[in-house]
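Scroll down for the structure; my scribbles are underneath it.
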Amino acid sequence: MIIWLNGAFGAGKTTTAVELTSRIPDSRLFDAEKVGEMLWHVLGVPERDFQDFPPWRALVVETARQVLNHTGGTLVVTQTVLVERYWREIHGGLVRAAIPVHHFLLHADTRTLAERIETDAGPQSARARRWRLDHLGDYQEALPWLRRAAEVVDTTGITPDQAAETIMSRVRLDG
């Protein structure tokens, strides 16, 4: 199965994913952004976002399918997808591959997201921080369809540990 963590930058996707993989036996973290980085070497740097490359969406599905066929278990995917058509394409591909998908939206209010991005102690450049802040508006625009397509976990006032526990309570791990 796949547990897909969607949401704005700063919502806690990566930290929550680490918490989930520590709790779920036979689980692995799959950062779909790495597929996009691989495509940069072949297709060049995208004008807007690597998700705009149709091969990215197909390769995310195929990579997940291949990994799960090889290892079994659970993939915890961390990837912000804000274009509804792209999500439908990915989700549809996973469904056609008979992979159960649990889609969660890790949500926090805009003030909290901006504060988390600004205070992120990771090795992010100022340019990366600016890019993340600049995309908060895109996230707000996508919220209506995201709320319909995913189970919402509000991370504004909770820790990643608590977010992982909430997700664990909503996912059946016994098949």
Side-chain angles (χ1 to χ4, degrees), residues 1-36 49-69 71-110 112-113 116 132 135-136 138-156 158-175:
M1 97 169 71
I2 288 178
I3 297 173
W4 192 292
L5 303 181
N6 202 343
F9 306 103
K13 294 181 303 295
T14 301
T15 312
T16 301
V18 169
E19 292 291 336
L20 282 169
T21 56
S22 73
R23 289 170 168 75
I24 301 171
D26 200 24
S27 66
R28 288 160 185 76
L29 179 60
F30 174 37
D31 184 350
E33 190 166 315
K34 300 299 182 190
V35 175
D49 191 312
F50 60 77
Q51 292 184 17
D52 296 332
F53 292 141
W56 177 78
R57 300 182 300 275
L59 285 170
V60 165
V61 170
E62 185 59 18
T63 303
R65 188 184 71 76
Q66 290 284 338
V67 169
L68 286 172
N69 282 348
T71 64
T74 301
L75 286 183
V76 179
V77 181
T78 57
Q79 184 64 52
T80 300
V81 179
L82 300 179
V83 177
E84 184 176 12
R85 180 173 57 88
Y86 295 174
W87 173 251
R88 284 194 317 257
E89 189 176 329
I90 292 165
H91 185 260
L94 295 169
V95 168
R96 283 188 297 282
I99 301 169
V101 180
H102 299 275
H103 183 203
F104 290 93
L105 173 64
L106 301 189
H107 174 75
D109 62 67
T110 303
T112 299
L113 292 170
R116 288 178 184 171
R132 290 173 170 191
H135 283 79
L136 289 177
D138 295 336
Y139 172 71
Q140 291 300 320
E141 287 179 28
L143 263 176
W145 79 261
L146 285 168
R147 289 182 189 277
R148 288 189 309 272
E151 291 188 59
V152 178
V153 177
D154 190 337
T155 66
T156 301
I158 65 173
T159 66
D161 178 66
Q162 291 168 316
E165 284 301 317
T166 298
I167 291 166
M168 293 285 296
S169 73
R170 297 181 187 179
V171 175
R172 282 196 55 193
L173 296 174
D174 59 2

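These numbers come from a predicted model, not from an experiment.
With values rounded to the nearest 0.5 angstrom, His91 atom NE2 is found 12.5 Å from Glu84 atom CD. Between Leu146 atom CG and Trp87 atom CH2 the span is 9.5 Å, to the nearest 0.5 Å. Rounding to the nearest 0.5 angstrom, the gap separating the CD1 atom in Ile90 from the CH2 atom in Trp56 is 4.0 Å. Here NE2 of His102 is found 7.0 Å from CZ of Phe104. Values are rounded to the nearest 0.5 Å. For the atom pair CD (Glu19) and CD (Gln162), the distance works out to 10.5 Å, reported to the nearest 0.5 Å. A distance of 10.0 Å separates OG1 of Thr21 from CD1 of Ile3, quoted to the nearest 0.5 Å.
In this structure, Ala11 and Leu106 approach most closely via the heavy-atom pair CB-O, 3.1 Å.
In this structure a side-chain-to-backbone donor-acceptor pair under 3.5 Å is present from Thr156 to Asp109. Checking side-chain atoms of Ser169 against main-chain N and O of Thr166 turns up a donor-acceptor pair under 3.5 Å. Between the side chain of Thr155 and the backbone N or O of His107 there is at least one donor-acceptor pair closer than 3.5 Å. Between the side chain of Lys13 and the backbone N or O of Val77, no donor-acceptor pair lies under 3.5 Å. Gln51 contributes a side-chain N or O that, together with a main-chain N or O of Thr80, makes up a donor-acceptor pair within less than 3.5 Å. In this structure, the side chain of Thr74 does not engage the main chain of Ser27 through any donor-acceptor pair within 3.5 Å.
When side chains are defined from C-beta on, Leu113 does not count as touching Arg132, because their heavy atoms never get closer than 4.5 Å.
Between Trp145 and His103, the ring planes lie tilted relative to each other; the angle falls in the 30° to 60° range.
Residue Gln79 is tested with Asp31, Asn6, Val35 for a side-chain contact (heavy atoms from CB on, under 4.5 Å); the sole match is Asp31.
With sequence neighbours excluded, the residues that form a salt bridge (charged side-chain N to carboxylate O under 4.0 Å, His left out) with Asp52 are Arg48.
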